[in-house]
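Structure first, then comments.
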Amino acid sequence: MSQLKIDPKTAALLVMDFQTDIVAMVGADQEALLSRTAKLIAGARQAGARVMYVVVGFRAGYPEVSPRNASFGAIRETGRFADGAPGSEIHVAVAPKPGDVVVTKHRVSAFAGTDLEMVLRANGIEALVLAGLATSGVVLSTLRHAADADYRILVVEDCCADRDPEVHRVLMEKVFIRQATVVRAEAVQAGLSS
């Protein structure tokens, strides 16, 4: 296999749902996952790629949540991810720096109802490098939209995790490969600096 090449001028790393409460729910080795992701972020910054964060969040009273939405309706009942709620902050190990863009979403996909696409287009982004929690949630939904929007997509397998390791494996090995390149963090870092 030839070495991966990623143009940092037209690539964005999307760090999705790495919020304290979500990191705590993932069954993977959280410390190792956060360490790998922090190194990936540092490498992307050093190469000059845009680093963007996607977080789930809601206004007070959850006006974005329909009572017909089973997933988010349950979140509304808990009070989680409301503006400023404890646990909704991006985990300190992978926190944004000045100049990073943070996009707040109200659905599973990073694109649904957000200004993500506008920011990507305004910055000439053609390739998306996806890291996120959970593989079966934000990563899957964002990948599907990005593929339909003709982005080049790289999914960083070891910077994604799911509560169900088997679901993670099947998505990475059988589903994502149809629309994306599934890679490990080291390959992305090497590809950005080549």
Side-chain angles (χ1 to χ4, degrees), residues 3-57 80-81 84-105 108 110 114 116 119-120 123 125 127-143 146 151-165 168-169 171-172 176 180-194:
Q3 184 178 354
L4 184 66
K5 289 190 189 319
I6 307 165
D7 181 355
K9 292 189 265 340
T10 61
L13 169 61
L14 300 187
V15 182
M16 304 181 295
D17 292 2
F18 271 82
Q19 292 160 272
T20 305
D21 275 359
I22 297 172
V23 170
M25 291 188 303
V26 175
D29 180 350
Q30 295 166 18
E31 197 171 305
L33 173 69
L34 290 166
S35 175
R36 277 190 305 274
T37 306
K39 286 179 189 157
L40 177 66
I41 293 166
R45 284 190 183 117
Q46 185 174 2
R50 179 159 289 281
V51 176
M52 300 178 67
Y53 290 80
V54 177
V55 296
V56 63
R80 293 173 57 224
F81 303 110
S88 62
E89 66 281 345
I90 296 169
H91 196 286
V92 67
V94 294
K97 292 202 172 176
D100 293 340
V101 174
V102 179
V103 173
T104 300
K105 66 185 180 87
V108 178
T114 72
L116 176 60
V119 175
L120 295 172
N123 287 276
I125 302 302
L128 301 180
V129 180
L130 306 182
L133 312 173
T135 310
S136 61
V138 69
V139 180
L140 173 62
S141 293
T142 301
L143 181 149
Y151 288 97
R152 175 186 180 203
I153 308 161
L154 297 104
V155 180
V156 189
E157 185 270 333
D158 55 342
C159 292
C160 296
D162 199 277
R163 280 193 218 187
D164 185 334
H168 174 84
R169 184 193 68 75
L171 287 169
M172 292 293 175
F176 291 175
T181 303
V182 176
V183 293
R184 297 189 62 81
E186 310 93 51
V188 172
Q189 290 172 281
L192 282 166
S193 60
S194 64

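Numbers for residues simply follow the sequence, beginning at 1.
Between Tyr151 and Thr142, every side-chain heavy-atom pair lies at or beyond the 4.5 Å cut-off. By the 4.5 Å heavy-atom criterion applied to side chains, Ile41 and Lys97 are not counted as neighbours. Under the 4.5 Å side-chain criterion, counting only non-hydrogen atoms from C-beta, Leu13 is not in contact with Leu192. In this structure, the side chains of Ile153 and Phe176 stay at 4.5 Å or more apart for every pair of heavy atoms. Contact of the Ser136 side chain with the Asp164 side chain is not registered, since no non-hydrogen atoms from C-beta on lie closer than 4.5 Å. Side-chain contact check for Leu116 versus Leu14: some heavy-atom pair is nearer than 4.5 Å. Looking only at side-chain heavy atoms (C-beta outward), Leu171 and Leu143 stay at 4.5 Å or farther from each other. Proximity of Lys39 to Glu186: side-chain heavy atoms (C-beta onward) are nowhere separated by under 4.5 Å.
If you take CG on Asp162 and NE2 on His168, they are separated by 8.0 Å, rounding to the nearest 0.5 Å. The distance from the CG atom of Leu140 to the SG atom of Cys160 is 11.0 Å, given to the nearest 0.5 Å. Once rounded to the nearest 0.5 Å, the distance linking CD of Glu157 with OG1 of Thr181 reads 13.5 Å. To the nearest 0.5 Å, atoms CG (Leu133) and CE (Met25) are separated by 9.0 Å.
Under a 3.5 Å cut-off, the side chain of Glu89 and the backbone N or O of Gly87 do form a donor-acceptor pair. Between the side chain of Ser193 and the main chain of Gln189, a donor-acceptor pair closer than 3.5 Å is present. Without hydrogens or angle criteria, Ser141 side chain to Val138 main chain gives no donor-acceptor distance under 3.5 Å. Looking only at distances, no side-chain donor or acceptor of Thr104 sits under 3.5 Å from a matching main-chain atom of Val56. At least one donor-acceptor pair under 3.5 Å links the side chain of Arg36 to the backbone N or O of Asp158.
Sorted by first and then second residue, the side chain to side chain donor-acceptor pair (under 3.5 Å) pairs with a member in residues 9-18 read Asp17-Lys105; sequence neighbours excluded.
The heavy-atom pair separating Val102 from Pro96 by the smallest distance is CG2-CG, 4.1 Å. Contact record, Thr20 with His91: OG1-CA, 4.0 Å, taken as the closest heavy-atom pair. Closest non-hydrogen pair, Ile6 versus Ala11, comes out as CG2-CB, 3.6 Å. Among all heavy-atom pairs drawn from Cys159 and Leu40, the shortest one is SG-CD2, 4.0 Å. A pairwise comparison of heavy atoms in Ala38 and Ala93 identifies CB-O, 3.5 Å as the closest pair.
In this structure, Arg80 places its CZ atom where more than 12 heavy-atom neighbours from other residues, nucleotides or ligands lie under 6.0 Å away.
Tested against Met52, the residues Val15, Asp100, Leu128, Leu120 include a single side chain to side chain contact (heavy atoms under 4.5 Å, CB included) partner, Leu120.
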Phe18/Leu33 under side chain to side chain contact (heavy atoms under 4.5 Å, CB included): CA gap, chis, key distance, verdict: CA-CA 10 Å; Phe18 271 82; Leu33 173 69; 4.2 Å; yes
